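Everything numeric here is computed off the predicted structure, so don't read it as measured data.
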Amino acid sequence: STSINNYLFGKNEYKVLVSGLPSSGKTTWLYKCNFGPVVPCISTIGFNIETISYKNFHFTVLDLSSRDVGSPLSSHYYMEGTGLIYFIDASEPSMFEESRTVLRTILNHERFNTDKNPITLLIYANKQDQDQITTPATREEIITLFDLDTFQSEITYTLNWEVYECTTISGSGITEGLQWFNRAIRNSL
């Protein structure tokens with residue numbers, strides 16, 4: 001009843017963990033969502049906490065450095081989090097294995113494996129605009145490389161996930177990802 005009232009009449013506030021390897025675009029995304037134009041930023045040391053408003057939803061976001069994924073702070077945030085937004089630098093294939101390991105570490109956290117509530121995971125395959133020797137990985141390649149289709153069988157909770165190609169600097173793909181994330185969280189409550 002309470003969740004129905006929240007769904008229909010407001011109180012759409014969620015805690016979301018944002019993570020990814022350094023320079024994957026998470027802090028740029030956070031600042032772009034809050035301030036509009038891209039502001040210069042450096043790799044996150046520790047964390048940033050911001051509130052993002054999207055339509056009638058408010059996300060309190062913990063932007064967490066991948067080095068702090070196992071810290072006591074992150075464990076506390078996992079306990080209260082509704083979802084996870086994970087950034088992958090799609091233009092850096094040499095970092096995919098490490099990125100996959102960090103994502104698995106988060107998703108295998110004991111909180112998720114003891115909680116019966118579904119977890120919503122949005123993966124942004126960022127830097128689709130990069131002109132490099134290698135073409136940035138597509139949505140389908142990320143799904144395959146990160147074993148997302150088979151991961152559900154390895155965990156004890158329901159994981160609702162999607163991958164969106166994006167470019168945080170221009171904002172391309174960001175809105176579509178947030179729309180899906182918003183719907184997925186609402187549908188899981």
Side-chain angles (χ1 to χ4, degrees), residues 14-54 57-71 73-78 80-107 109 112 119-130 132 136-139 142-143 145-146 148 159-182 184-185:
Y14 306 108
K15 291 189 178 179
V16 176
L17 178 67
V18 175
S19 194
L21 296 184
S23 301
S24 60
K26 58 194 177 300
T27 304
T28 301
W29 168 82
L30 182 62
Y31 290 163
K32 183 151 185 75
C33 287
N34 268 349
F35 306 119
V38 175
V39 295
C41 55
I42 58 172
S43 289
T44 302
I45 299 172
F47 62 92
N48 294 313
I49 296 180
E50 299 282 347
T51 299
I52 295 173
S53 294
Y54 175 74
F57 286 80
H58 306 286
F59 300 102
T60 300
V61 175
L62 175 67
D63 169 11
L64 183 67
S65 164
S66 62
R67 291 179 288 270
D68 295 312
V69 162
S71 74
L73 174 67
S74 64
S75 294
H76 173 74
Y77 215 79
Y78 295 155
E80 298 179 6
T82 307
L84 169 65
I85 298 176
Y86 192 80
F87 280 84
I88 298 168
D89 181 343
S91 70
E92 283 292 335
S94 64
M95 302 303 288
F96 290 165
E97 187 58 37
E98 182 181 356
S99 186
R100 180 180 180 275
T101 299
V102 169
L103 178 59
R104 293 284 174 124
T105 299
I106 294 169
L107 295 176
H109 189 273
F112 294 143
I119 301 298
T120 302
L121 168 65
L122 168 60
I123 296 176
Y124 278 122
N126 190 27
K127 301 189 181 180
Q128 293 293 321
D129 63 333
Q130 298 294 305
Q132 307 234 335
T138 65
R139 175 186 180 277
I142 294 295
I143 290 170
L145 292 166
F146 282 67
L148 294 171
L159 181 65
N160 301 316
W161 60 267
E162 188 55 81
V163 177
Y164 279 84
E165 295 175 10
C166 76
T167 303
T168 54
I169 290 180
S170 71
S172 172
I174 298 296
T175 300
E176 295 83 356
L178 281 176
Q179 287 171 342
W180 174 85
F181 195 68
N182 185 359
I185 287 176

Euclidean distance, [Y] [atom2] relative to [X] [atom1], rounded to 0.5 Å:
X    : Y    : atom1 : atom2 : value
N126 : S172 : CG    : OG    : 10.0 Å
N160 : T120 : CG    : OG1   : 5.0 Å
E98  : L103 : CD    : CG    : 12.5 Å
L84  : L107 : CG    : CG    : 6.0 Å
I142 : L148 : CD1   : CG    : 8.5 Å
T101 : I106 : OG1   : CD1   : 11.0 Å

List the atom of W29, the atom of T168, and the distance in Å for their closest heavy-atom pair. CB-CG2, 3.8 Å
Closest non-hydrogen atom pair, A125 against A137: CB-O, 4.4 Å
Going by heavy atoms in the side chains, are [X] and [Y] under 4.5 Å from each other?
X    : Y    : value
F146 : I123 : no
M95  : D89  : no
S170 : D129 : no
F96  : S99  : no

With sequence neighbours excluded, residues passing salt bridge (Lys or Arg N to Asp or Glu O under 4.0 Å) with E165: none
With no hydrogens and no angle check, is any side-chain donor or acceptor of [X] less than 3.5 Å from a backbone partner on [Y]?
X    : Y    : result
K127 : I88  : no
E92  : P136 : no
Y124 : I85  : no

Set of ring-ring contact (aromatic ring centres under 6.0 Å, His included) partners for F181, sequence neighbours left out: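 So F181 forms a ring-ring contact (aromatic ring centres under 6.0 Å, His included) with F59.
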Excluding sequence neighbours, so at least two apart, what forms side chain to side chain donor-acceptor pair (under 3.5 Å) with S24?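 Here no residue qualifies.
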Who passes side chain to side chain donor-acceptor pair (under 3.5 Å) against E162, sequence neighbours left out?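 For E162 the side chain to side chain donor-acceptor pair (under 3.5 Å) partners, ignoring immediate neighbours, are R139.
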